[in-house]
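Proteins get letters first, then strands, A, B, ... in listed order; numbering begins at 1 in each.
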There are 2 protein chains.
Amino acid sequence: MAYQRLDKLDKQILRLIAADARIPFLEVARACNVSGAAIHQRIQKLTNLGILKGSHFVIDPEKIGYETCAYIGLNLKNPEKFDSVVEELRKIPEVVECHYTTGDFDLFIKIYAFNNHHLLNIIHDKLQPLGLSRSETIISFNTSIDRQLPIVDIPVIDQDDMMDRNI
Amino acid sequence: MAYQRLDKLDKQILRLIAADARIPFLEVARACNVSGAAIHQRIQKLTNLGILKGSHFVIDPEKIGYETCAYIGLNLKNPEKFDSVVEELRKIPEVVECHYTTGDFDLFIKIYAFNNHHLLNIIHDKLQPLGLSRSETIISFNTSIDRQLPIVDIPVIDQDDMMDRNI
DNA sequence: AATGAAACATGCTCGGA
DNA sequence: TCCGAGCATGTTTCATT
């Protein structure tokens with residue numbers, strides 16, 4: 001099993017803090033009927049396990065001027081240069097995601113730009129020089145869903161299970 | 001101008017809290033050389049303007065069992081049913097993003113699944129019944145970049161500008 | 001729109017169970 | 001692993017500039 005098993009308390013904590021990173025741990029504690037120290041310890045544990053990887057405030061891209069969001073599939077002239085291309089992509093701040101994918105593309109990236117003109121500049125000035133044989137751009141007109149991983153649906157270890165199996 | 005102009009202090013605050021939602025506002029205050037109350041007021045203002053939209057803890061998908069991440073382009077048999085399809089997609093927790101896009105697809109979604117088998121089940125049992133004429137799945141083997149919007153690069157109003165223009 | 005102070009709440013640590 | 005208590009720290013409000 002590649003992933004860590006979580007119990008009900010872990011899950012409840014994750015659900016609460018994933019939805020609101022600023023929630024006081026004492027409030028989480030009250031919601032879970034445990035002490036603040038327990039929440040503190042659990043969050044420490046989840047962080048040490050690498051399950052929790054920091055926290056972010058969510059900023060509305062449009063409100064700060066990023067009016068264009070696009071996905072771009074990339075094919076490389078020299079696919080063996082994959083790693084160095086990813087390093088170059090990392091230097092382009094507008095590139096917020098990069099995936100190594102199955103299917104038609106070598107790489108698949110997500111980009112935010114101020115507008116379509118800015119997007120074209122990025123593609124022409126920064127992406128093309130990386131040695132692309134082809135690229136395909138999908139522009140998002142509208143993001144109608146944007147949310148987090150489902151926490152509710154992940155399997156849990158519950159107390160009865162553990163007792164049944166003498167864990 | 002569709003977006004809100006930010007000054008240097010707004011930008012610095014956004015940069016700090018975007019990177020770490022749990023950072024004490026007093027620490028932000030010290031980094032910005034202003035009082036804690038000022039940070040409190042600014043964050044209130046940024047929230048009221050809709051620039052800040054809450055905060056999230058970041059959870060590593062793989063560590064909680066989501067080993068498959070995929071993007072799927074969808075074409076609808078009845079494109080006029082767009083809105084109701086989006087509502088149905090919203091009910092599928094594994095769908096974390098949904099975009100209305102240019103190009104070949106009517107909709108473009110991002111999905112997390114436990115594994116490829118689970119992904120196929122979702123496509124077959126939940127997506128196909130929505131009335132798809134076609135779909136194209138891009139599976140991400142590996143996410144090599146996943147980060148936030150560039151805050152550094154957004155334009156600022158600075159004090160001299162404002163004085164020059166008698167704002 | 002920023003400040004400092006005050007009142008209140010939370011974060012963190014440690015000893016003990 | 002959890003609890004409770006203690007102290008350090010942070011949050012929020014308010015009168016003032």
- Item | Distance-only donor-acceptor check, side chains A/Asn75 and A/Ser133, under 3.5 Å | no
- Message: Suppose we screen for side-chain contact (heavy atoms from CB on, under 4.5 Å). Which residues come up paired with A/Arg30, at least two apart in sequence or across chains?
- Response: A/Leu26, A/Glu27
- Name the orientation class of the two ring planes belonging to B/Tyr66 and B/Tyr112 (parallel below 30°, tilted from 30 to 60°, perpendicular beyond 60°). perpendicular
- Message: Less than 6.0 angstrom from the centroid, inside 45 degrees of the normal: does B/Arg22 satisfy that with respect to the ring of B/Phe57?
- Response: no
- Query: Given that B/Asn33 and A/Ile23 both sit by DNA chain C, which one's nearest nucleotide is further toward the 5' end?
  - Reply: B/Asn33
- Outermost DNA chain D nucleotides near chain A [under 4.0 Å, heavy atoms]: D/dT1 to D/dT11
- Under the ring pair (Phe, Tyr, Trp, His ring centres under 6.0 Å) test, residues paired with A/Tyr100 that sit two or more places apart: A/Phe82, B/Phe141
- Of all of residues 35-43 of chain A, which get a heavy atom below 4.0 angstrom from DNA chain C, listed by number? A/Ala37, A/His40
- Task: Please identify each residue that fulfils salt bridge (charged side-chain N to carboxylate O under 4.0 Å, His left out) with B/Asp10, with sequence neighbours left out.
- Result: B/Arg42, B/Lys45
- Query: Rounded to whole angstrom units, what separation is found between the CZ atom of B/Phe25 and the C1' atom of C/dT3?
  - Reply: 18 Å
- The side chain to side chain contact (heavy atoms under 4.5 Å, CB included) partner of A/Leu14 among A/Leu52, A/Leu9, A/Leu149 is A/Leu52
- Salt bridge between B/Glu94 and B/Lys110, side-chain N to carboxylate O under 4.0 Å? no
- Query: Are A/His99 and B/Tyr71 near enough that their ring centres are under 6.0 Å apart?
  - Reply: yes
- Spacing between B/Leu26 atom CG and C/dT3 atom C1', to the nearest angstrom: 13 Å
- Taking atom NZ of B/Lys126 as the centre, does the number of heavy atoms from other residues, nucleotides or ligands within less than 6.0 Å exceed 12? yes
- Message: Just the rounded figure in Å: distance from C1' of C/dA1 to CG of B/Leu9.
- Response: 10 Å
- Assert: residue with more 5' nearest nucleotide on DNA chain D, out of B/Glu27 and A/Lys45, is A/Lys45
- Message: Under 4.0 Å between a side-chain nitrogen and a carboxylate oxygen: does that hold for A/Arg90 and A/Glu88?
- Response: no
- Task: Using a cut-off of strictly less than 4.0 Å between a heavy atom of the residue and any atom of DNA chain C, enumerate the qualifying residues of residues 49-56 of chain B by number.
- Result: none
